A.B. asks: 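I am attaching a structure below and will ask some questions about it afterwards.
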Amino acid sequence: MLCLGVESTAHTFGIGVVDETGKILANVIKPYTTDTGGIIPGKAADHHVELCDVTLREALAEAGVSIRDVGLISFSRGPGIGNCLKVGAFTARSLALRHGIPVVGVNHCIAHLEIGRLLTDASDPVLLYVSGANTQVISFESGRYRIFGETLDIGVGNLLDVFARHVGLGFPGGPRIEEMARKSSNYVELPYVIKGMDVSFGGLLTNIQRKHNAGLSTEDLCFSLQETVFAMLLEVSERALAHCGKDELLLGGGVACNRRLQEMARVMCEGRGAKMFVPDDRKVLVDNGAMIAWLGILEKARAKLGVADTGILPYWRTDQVEPNRNSS
Ligand code: ATP
Ligand code: FE2
């Protein structure tokens, strides 16, 4: 059975096709970008509306199948930007109704965790999910997906993007900051803010912008920014590993593409006898339809004919999801 998954929580409209064994037959990603990287929800939604049809055609062609071969449709119900989520939900519902295919809405954050489990040797990991809008440390524990730590304000990708824009590096900021950071090893002290198990980046952003305005070098600041925020994220991840008694750390989300984050995560894991996992393919780390399709397969028992339970849930939290999974 094939599942077609639709992703549209934020910048990216994506459609993936995955079979029941987890083979990814297609994963077409259409990101909405602007020069400044800012996102206007209505404009991003317009982008998704414009491209939903071509994305579908490209995904089916890439998979070498027709919509009649698809036995299940899944889509991101949330969390995300309402205007954007509606386009994915509408696409999924229309296909389901038109072709009489069962449909299931799934949680975007959990999809990042489950695609990582599918594509790496991690079996019961703690996930460090780091993207533009989201920063969460998640794991499946005592029958639920639980959040062990998260950002209290902006996501780490957002922090990198805003700082990159401030210093004129353009969008997306993460890869440009990574490049600049390689040119320095001069650490400038920045606020390191962890409250309980949560992190906060707002004060750090103001502080680093001021330091840049005062003339400190962009290379030094990029290097220091990476060292500081990745250390914060890994401190919380390490505490989650210790708390859960787990020995696998999985990275997910666009920021997980960062080599320095991967290296720091590997060093932390080695230090405590744990293993670090990150899927090789950048396309499964960023927002994508294949991860939604795979979670659809895992959640297929919930799929229904018709459109009941296909409303969007923009504020759906990872720990509110009733899991279909009862063990690791
Ligand atoms: P969401 O938050 O809803 O999951 P998103 O579209 O913001 O969605 P992703 O597509 O997962 O998130 O990732 C985009 C983010 O990843 C951007 O903030 C970008 O700067 C960051 N990013 C991409 N590559 C790198 C890198 N090499 N280093 C650091 N950050 C990176
Ligand atoms: Fe995401």
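The figures here come from the full heavy-atom set of this structure, side chains too, leaving out hydrogens, waters and symmetry mates. It should be emphasised that the depicted structure is a prediction, and the values quoted were computed from it without experimental measurement. Counting convention: from 1, in listed order, for ligands and their atoms alike.
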A.B. asks: If you measure every N/O of S131 against every N/O of ligand 1, is any gap under 3.5 Å?
C.D. replies: yes

A.B. asks: Just go through Q226, R282, E178, R260 and tell me whose heavy atom is the nearest to atom 27 (N) of ligand 1.
C.D. replies: E178

A.B. asks: Kindly give the atom name of the N, O or S atom of D287 closest to the Fe ion (ligand 2).
C.D. replies: OD1

A.B. asks: Determine yes or no for a side-chain-to-main-chain donor-acceptor pair under 3.5 angstrom, with T12 supplying the side chain and G14 the backbone.
C.D. replies: no

A.B. asks: In terms of the angle between their ring planes, are Y129 and H108 parallel, tilted or perpendicular, with boundaries placed at 30° and 60°?
C.D. replies: tilted

A.B. asks: Closer than 2.8 Å to the Fe ion (ligand 2), do we get an N, O or S atom from C109, backbone or side chain?
C.D. replies: no

A.B. asks: Just say parallel, tilted or perpendicular for the rings of F148 and H243, cut-offs at 30° and 60°.
C.D. replies: tilted

A.B. asks: Taking the ring of Y32 and the ring of H48, is the distance between their centroids below 6.0 Å?
C.D. replies: no

A.B. asks: Please confirm whether D287 comes within less than 3.5 Å of ligand 1 when only nitrogen or oxygen atoms on both sides are compared.
C.D. replies: yes

A.B. asks: Using the Fe ion (ligand 2) as the vertex, how large is the angle between NE2 of H112 and OH of Y129, rounded to 10 degrees?
C.D. replies: 90°

A.B. asks: Can you find an N/O atom of G132 closer than 3.5 Å to an N/O atom of ligand 1?
C.D. replies: yes

A.B. asks: For atom 23 (C) of ligand 1, which of the options C257, G254, A256, G253 provides the nearest non-hydrogen atom?
C.D. replies: G254

A.B. asks: Could K275 and D247 be called an ion pair, given the rule that one side-chain N must be under 4.0 Å from one carboxylate O?
C.D. replies: no

A.B. asks: Determine the minimum heavy-atom distance between P79 and N107, stating which atoms define it.
C.D. replies: CD-ND2, 4.0 Å

